[in-house]
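Single-structure report; data block below.
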There are 2 protein chains.
Amino acid sequence: MSVRSLCLAILNFGDATGYEIRKETTSGSFSYFGDASFGAIYPALSRLEAEGRVTVREESQHGKPTRKVYSITESGRLELLDALMEPPAADTYKSPFLLLALHAEYVGPDVLRKAISARRKHLQEELALLRSIPHEDEPGAVNWVRDYGIQCKTFALGYLDANAQELIEAATRKHDKTSRPVSLPGQNTLFPNAAE
Amino acid sequence: MSVRSLCLAILNFGDATGYEIRKETTSGSFSYFGDASFGAIYPALSRLEAEGRVTVREESQHGKPTRKVYSITESGRLELLDALMEPPAADTYKSPFLLLALHAEYVGPDVLRKAISARRKHLQEELALLRSIPHEDEPGAVNWVRDYGIQCKTFALGYLDANAQELIEAATRKHDKTSRPVSLPGQNTLFPNAAE
DNA sequence: AGCAATATATATTGAACTGATATATGCCAC
DNA sequence: GTGGCATATATCAGTTCAATATATATTGCT
């Protein structure tokens, strides 16, 4: 998802500053759709403004830096709609936790327990964020997306709670026998298609 | 997850070419841990070789280009173990599908149905990939990670199957009343913390 | 008092990465 | 013959990241 589309989508929900857009994509509701750094957001906003897709006004505020608040224009909305009409790319899920879990026998049970605890905490934080989104009275897309997220994260947390001990036991058994990473038995176990 | 660590982790499972590493991170088992392009993989492998973390040998093969097969060294393994000992970063999940779902009322039921169908297909492909990983006889990390993935994707697919119609109906109701994206009612519904 | 951490803000930069492309060999389908 | 696909290495212009700088203000600690 391009930073451009991400900015337009966020602004379509309401006016925002570059700082707020960044915040939404890293720790807010929009973190489920995309991520963008300051180095990408500000140039994208500048281009969008130059092309008439957004407008910007400056607001002075006491005790804080001057804000530049961006608003989407009608042509910005049309561009967003066009982007949404395209078939969406595949969802992506990247899990440093699972990579560590895959090496559970090598890192050992203590490191593993810490990682599991951190993962639980992350999941709980995500659930808290999702639950903080107000539930709309009328059934619609916002509720649907919110509930989808809550159900999936709840399942993942429940599965982790129910099965973490099993992984810790496996890590404990094998860690006693292994002092450092070596090639796993059955080389290429993870590469059923790879030439070797 | 750095490309460097990703390469080391893959090579720890078995020797591989740059091309194979790229393939694993985009469409193979390692796509759950990280992603990397050719433009990042080759420089990373060059640096790793220069630093003694991997070795490389050339293989001629009839009918195909010469292969450069990379193997991890002992110091490469130690670096990987060090990296794994760090607390893992939070998992990330980015869903262009859910962004489209959030705008279901604006794109309308036809586009939505196509997106749902594509999402189902993606999920089924992921499940097929996970199920293609051989089940090890002895309980351990590989089985655990594999089953974790299978259970979560199966849940997500099941929830989508059970609830997609509800979203389509909401999209149909509201699409009849709306011809283009406008600010959603209750501005900043998604931003309970945002200043506005 | 001074400093670090944090929050709200805009803006920038060197390093890293992406997506596309080039090159090469071979196979298969139209 | 051509295009598409697969296996391979390698590269590059454009984009983005992570860190940093600047600014105002507050809080907590030494």
Side-chain angles (χ1 to χ4, degrees), chain A residues 1-7 10-11 15-28 30-31 33-50 54 56-70 86 89-90 92 94 96 191 193-196, chain B residues 1-7 10-11 15-28 30-31 33-50 54 56-70 86 89-90 92 94 96 191 193-196:
Chain A
M1 147 130 290
S2 74
V3 178
R4 187 183 178 95
S5 298
L6 201 54
C7 289
I10 291 173
L11 292 174
D15 299 348
T17 62
Y19 183 83
E20 283 167 339
I21 290 173
R22 159 74 167 163
K23 224 170 140 194
E24 268 303 316
T25 68
T26 53
S27 55
F30 269 77
S31 58
F33 310 131
D35 195 356
S37 61
F38 287 127
I41 289 173
Y42 285 111
L45 286 174
S46 290
R47 279 191 298 265
L48 285 167
E49 195 218 344
V54 304
V56 60
R57 67 179 187 269
E58 294 204 357
E59 287 183 0
S60 299
Q61 51 183 350
H62 181 72
K64 296 183 187 176
T66 301
R67 295 160 39 110
K68 292 175 72 169
V69 182
Y70 293 85
E86 299 296 324
T92 62
K94 307 298 174 189
F191 307 103
N193 304 320
E196 186 64 74
Chain B
M1 149 130 286
S2 73
V3 178
R4 186 182 178 96
S5 298
L6 201 55
C7 289
I10 291 172
L11 292 174
D15 299 349
T17 63
Y19 183 83
E20 284 167 339
I21 289 173
R22 156 75 167 161
K23 222 170 141 196
E24 270 303 314
T25 68
T26 52
S27 55
F30 269 78
S31 59
F33 311 132
D35 195 357
S37 61
F38 288 127
I41 289 173
Y42 286 112
L45 287 173
S46 290
R47 280 191 297 265
L48 284 167
E49 195 218 344
V54 303
V56 61
R57 66 180 187 270
E58 294 203 358
E59 287 183 359
S60 299
Q61 53 185 350
H62 181 73
K64 293 181 187 177
T66 301
R67 294 159 41 108
K68 290 174 72 170
V69 182
Y70 293 85
E86 299 296 324
T92 62
K94 306 297 176 190
F191 307 102
N193 305 319
E196 186 64 72

- [ ] Could you tell me which residues satisfy side chain to side chain contact (heavy atoms under 4.5 Å, CB included) with B/Ala90, sequence neighbours excluded, listed by chain and number?
- [x] A/His122
Open item on the list: Distance check needed: C/dA9 C1' versus A/Arg22 CZ, whole Å only.
Closed with: 13 Å
Task: d(NZ, A/Lys23; P, C/dA9) in whole Å - done: 8 Å
- [ ] Name every residue in residues 39-47 of chain B that has at least one heavy atom under 4.0 Å from any atom of DNA chain C, in order of residue number, or write none if there are no such residues.
- [x] B/Gly39, B/Ala40
Task: Residues in side chain to side chain contact (heavy atoms under 4.5 Å, CB included) contact with A/Tyr42, at least two apart in sequence or another chain - done: A/Tyr19, A/Phe38
TODO: Calculate the interatomic distance between B/Lys94 atom NZ and C/dT18 atom P; express it in whole Å.
DONE: 15 Å
- [ ] Taking only the side-chain heavy atoms of A/Ser37 (C-beta and beyond), determine which of D/dA18, D/dA8, C/dT10 contains the nearest atom.
- [x] D/dA18
Open item on the list: Using whole Å, what does the distance between atom P of nucleotide C/dA11 and atom CZ of A/Arg67 come to?
Closed with: 14 Å
- [ ] Measure the distance from OH on B/Tyr19 to P on C/dT23 and round it to the nearest whole Å.
- [x] 18 Å
Task: Contact check, side chains of A/Ile21 and A/Leu11, non-hydrogen atoms, under 4.5 Å - done: yes
Task: Integer-rounded Å distance: D/dA23 C1' and A/Lys68 NZ - done: 15 Å
Task: Interatomic distance, A/Leu6 CG vs D/dT15 P [rounded to whole Å] - done: 17 Å
- [ ] Kindly point out which of D/dA8, C/dT10, D/dT16 is positioned nearest to the side chain of B/Thr17?
- [x] D/dA8
Open item on the list: Applying side chain to side chain donor-acceptor pair (under 3.5 Å), can you list everything that pairs with A/Ser31, at least two apart in sequence or on another chain?
Closed with: none
Task: For A/Arg22, salt bridge (charged side-chain N to carboxylate O under 4.0 Å, His left out) partners two or more places apart - done: none
Task: Least distance between heavy atoms, A/Gly18 atom then A/Leu45 atom - done: CA-CD1, 3.9 Å
TODO: Map A/Arg4 and A/Phe38 onto DNA chain D by nearest heavy atom, then report which one ends up closer to the 5' terminus.
DONE: A/Arg4
Task: side chain to side chain contact (heavy atoms under 4.5 Å, CB included) partners of A/Thr66, counting only residues at least two apart - done: A/Glu58, A/Ser60
TODO: Nearest whole angstrom, please: distance from the P of C/dA9 to the CD1 of A/Ile21.
DONE: 13 Å
